[in-house]
Amino acid sequence: MIPFLYDVTDRSGNLVIDNATFAEVVEGLNCSKAQANNARTSGDLIFRKYEMHRVDRKLSRVKDIALLQEFDTVRLHLLGYKKGDRK
């Protein structure tokens, strides 16, 4: 399973945790997995203060290989590599 990434904000909208996996959110807020799960599925607040928002997912080498190859091609082009320069 590819883990999703979450942003955690407080009630005023200030970013508390940026681009974290579920486990990193649980560890960073020192909350239970149930609290974090309720926040991501039903929109509950963690400690009546923090909101979790899914923002992205990590890339998978197997499922996202075309995207990763395109990124590598563009990256090499921007760096100015020629075809024979690559190791």
Side-chain angles (χ1 to χ4, degrees):
M1 183 177 152
I2 301 169
F4 292 106
L5 299 176
Y6 300 92
D7 281 349
V8 178
T9 57
D10 60 10
R11 291 179 116 178
S12 61
N14 296 329
L15 191 62
V16 178
I17 300 175
D18 184 27
N19 288 330
T21 62
F22 181 79
E24 292 169 342
V25 169
V26 169
E27 183 180 319
L29 294 179
N30 199 22
C31 65
S32 69
K33 289 181 182 178
Q35 288 174 312
N37 192 41
N38 288 340
R40 75 174 175 180
T41 56
S42 61
D44 292 349
L45 296 176
I46 301 171
F47 302 128
R48 297 182 182 168
K49 185 175 180 181
Y50 302 109
E51 298 178 29
M52 256 176 96
H53 307 281
R54 189 171 97 187
V55 291
D56 205 357
R57 65 179 178 84
K58 285 189 171 182
L59 292 176
S60 165
R61 286 191 187 268
V62 175
K63 294 183 179 179
D64 300 315
I65 192 67
L67 178 63
L68 291 170
Q69 287 173 341
E70 182 181 351
F71 171 77
D72 191 46
T73 302
V74 171
R75 180 183 66 84
L76 291 174
H77 177 72
L78 290 173
L79 291 174
Y81 283 93
K82 295 181 182 150
K83 197 169 192 174
D85 290 347
R86 191 169 178 193
K87 293 180 180 182

For a side-chain contact (heavy atoms from CB on, under 4.5 Å) check, start with the C-alpha distance between N37 and T41, then their side-chain angles and the critical distance, and finish with the verdict. CA-CA 6 Å; N37 192 41; T41 56; 3.7 Å; yes
Please step through side-chain contact (heavy atoms from CB on, under 4.5 Å) for the pair R54 and L5, ending with a clear verdict. CA-CA 6 Å; R54 189 171 97 187; L5 299 176; over 6 Å; no
Side chain to side chain, Y6 and H53, heavy atoms closer than 4.5 Å: no
Can you get from I46 to F4 by hopping between Ile, Leu, Val, Met, Phe, Trp and Tyr side chains that sit under 4.5 Å apart? yes
Considering only Ile, Leu, Val, Met, Phe, Trp and Tyr, and joining two whenever side-chain heavy atoms are under 4.5 Å apart, list the other residues clustered with L78. V74
Path from V26 to V16 over hydrophobic side-chain contacts below 4.5 Å: yes
Looking at Q35 and S32, what are the two nearest heavy atoms and their distance? OE1-N, 3.0 Å
Show your working on side-chain contact (heavy atoms from CB on, under 4.5 Å) between N14 and T9 and close with a plain yes or no. CA-CA 5 Å; N14 296 329; T9 57; over 6 Å; no
Transitive ILVMFWY cluster of F71 at side-chain heavy atoms under 4.5 Å: who else is in it? none
Is there a donor-acceptor pair closer than 3.5 Å between any side-chain N or O of N38 and the backbone N or O of D44? no
With the 4.5 Å side-chain cut-off for hydrophobic clustering, are I17 and F47 part of the same group? yes
Using side-chain heavy atoms (C-beta onward) and a distance below 4.5 Å, is M52 in contact with V25? yes
Can you tell me how far the CG atom of L68 sits from the CZ atom of R75, to the nearest 0.5 Å? 11.0 Å
Check the hydrophobic clustering (I, L, V, M, F, W, Y; side-chain heavy atoms under 4.5 Å; chains of links allowed) and say if L29 and F22 are grouped together. yes
